[in-house]
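First up is the structure itself, then whatever we jot down about it.
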Number of protein chains: 2
Amino acid sequence: MNETLLQNEALLQRFQAVAEETRFRIVQLLAGGERCVCELQAELEAAQSRLSFHLKKLKDAGVVSDRRDGRWVHYSLVPGALEEMRAFLGEVKPEEGWKPLAPRDGPCCS
Amino acid sequence: MNETLLQNEALLQRFQAVAEETRFRIVQLLAGGERCVCELQAELEAAQSRLSFHLKKLKDAGVVSDRRDGRWVHYSLVPGALEEMRAFLGEVKPEEGWKPLAPRDGPCCS
DNA sequence: GAAACACATCAATCAGAATTGATACGGAGA
DNA sequence: TCTCCGTATCAATTCTGATTGATGTGTTTC
């Protein structure tokens with residue numbers, strides 16, 4: 001199995017996790033620091049099972065981690081995960097002064 | 001209308017655009033420079049209408065731009081869009097040495 | 001202008017993800 | 001132990017987005 005493909009898969013999963021409105025907002029809230037589920041619930045005005053569903057998605061993708069404290073569970077961002085996503089967008093971003101590939105000779109498609 | 005909300009909406013749309021396998025791969029290919037549709041079609045082994053659908057998503061999100069050249073259309077990345085996404089992940093990423101918020105006093109939820 | 005080509009769009013179908021309501025689980029306090 | 005509370009999970013439904021096949025549009029070449 002190709003290592004890079006697996007990395008890509010995990011990376012894609014992270015983008016998928018963040019690219020949904022509720023989860024996008026969760027990430028924004030967690031940027032301010034750790035939050036327990038009930039706090040998120042209050043701030044997002046989301047049903048409990050719905051929030052739990054989205055938190056699981058984020059956790060499965062490795063974007064957040066949880067910490068149990070008595071009956072409460074606190075969620076926070078995983079810095080490394082976000083860093084990887086940034087790195088991907090960095091690699092992908094053409095350098096300043098970058099030029100398109102020279103047009104290929106011959107017909108566009110063979 | 002709130003300015004920040006609109007920005008968020010556009011940003012979310014960009015994440016949604018990138019967070020799909022076919023489009024994720026398109027972005028990776030375009031990282032190497034401009035490509036025409038038929039080249040992408042060959043490299044992705046995707047049906048033409050399918051590819052066109054995904055390119056439109058990326059374009060609507062502002063992640064790519066197109067350039068007509070005779071009968072060919074060439075797509076390339078929009079550096080600024082990727083930069084904004086990076087910036088978001090940067091803001092959102094806790095600083096090194098960052099500490100969780102101090103636990104609130106009183107019960108977690110009122 | 002006719003034919004061939006590159007690409008876009010549309011309508012119908014299909015698939016996967018999100019929502020909801022009910023239920024289960026685990027910890028804390030009486 | 002019984003009960004309450006915070007959270008997770010499950011099954012059913014609903015919604016959204018992707019795929020497919022056909023058709024449309026603009027461009028080149030003859």
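Below, chains carry the letters A, B, ... as their sequence lines are ordered, and counting in each starts from 1.
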### Message
Strictly below 4.0 Å: does B/K57 bring a side-chain N or O up to OP1 or OP2 of D/dA18?
### Response
yes
### Message
Determine whether a donor-acceptor pair (N or O, by modelled atom type, separation under 3.5 Å) exists between the side chain of A/R23 and the backbone of A/A17.
### Response
yes
## Note on the structure
In whole angstroms, the gap separating C1' of C/dA22 from CD of A/Q48 amounts to 12 Å
### Query
Has B/E43 got more than 12 heavy atoms of other residues, nucleotides or ligands less than 6.0 Å from its CD?
yes
### Query
Which whole-number value in Å describes the distance from A/K59 NZ to D/dA8 C1'?
10 Å
### Query
NZ/A/K57 to CD/A/Q16 distance, rounded to the nearest 0.5 angstrom?
8.0 Å
### Query
Between A/G70 and A/E20, which has a closest nucleotide on DNA chain C that is more 5'?
A/E20
### B/E21 CD - C/dG16 C1' separation (whole Å)
14 Å
### Summary
Between CH2 of A/W72 and P of C/dG29 the distance, given in whole Å, is 8 Å
### Query
Between atom CD1 in B/I26 and atom C1' in D/dA18, what is the gap in whole Å?
13 Å
### Message
By nearest atom, which of the nucleotides C/dG21, C/dA8, C/dT19 is closest to the B/Y75 side chain?
### Response
C/dA8
### Heavy-atom closest contact (A/V78 atom, A/V64 atom, distance)
CG2-C, 3.6 Å
#### Entry: Out of C/dA8, D/dG21, D/dG6, whichever nucleotide has its closest atom nearest the side chain of B/S52
C/dA8
### Query
Quick one: which of C/dT19, C/dA18, D/dT7 gets closest to the side chain of A/R50?
C/dT19
### Query
Given atom CD of A/Q16 and atom P of D/dT16, what is their separation to the nearest angstrom?
18 Å
### Message
At less than 4.0 Å, is any side-chain N or O atom of B/R68 found next to OP1 or OP2 of C/dC7? Yes or no.
### Response
no
### Message
I want to verify a distance call: between D/dT19, D/dA8, C/dT9, whose nearest atom is closest to the A/V37 side chain?
### Response
D/dA8
### Summary
Side-chain contact check for A/R23: nearest option of C/dA18, D/dT9, C/dC7 is C/dA18
### Message
How many whole angstroms separate atom CZ of B/R35 from atom P of C/dC7?
### Response
14 Å
### Message
I want to verify a distance call: between D/dT7, D/dA22, D/dT19, whose nearest atom is closest to the B/S49 side chain?
### Response
D/dA22
## Note on the structure
From the list B/H74, B/R67, B/R71, side chain to side chain contact (heavy atoms under 4.5 Å, CB included) with B/C36 holds only for B/H74
### Query
Phosphate oxygens OP1/OP2 of C/dT19: is one of them under 4.0 Å from a side-chain N or O of A/H54?
yes
### Message
Can you identify which nucleotide, out of C/dA8, D/dT19, C/dA6, has its nearest atom closest to the B/R71 side chain?
### Response
C/dA6
### Task
Measure from CG on B/L51 to P on D/dA18 and round the result to the nearest Å.
13 Å
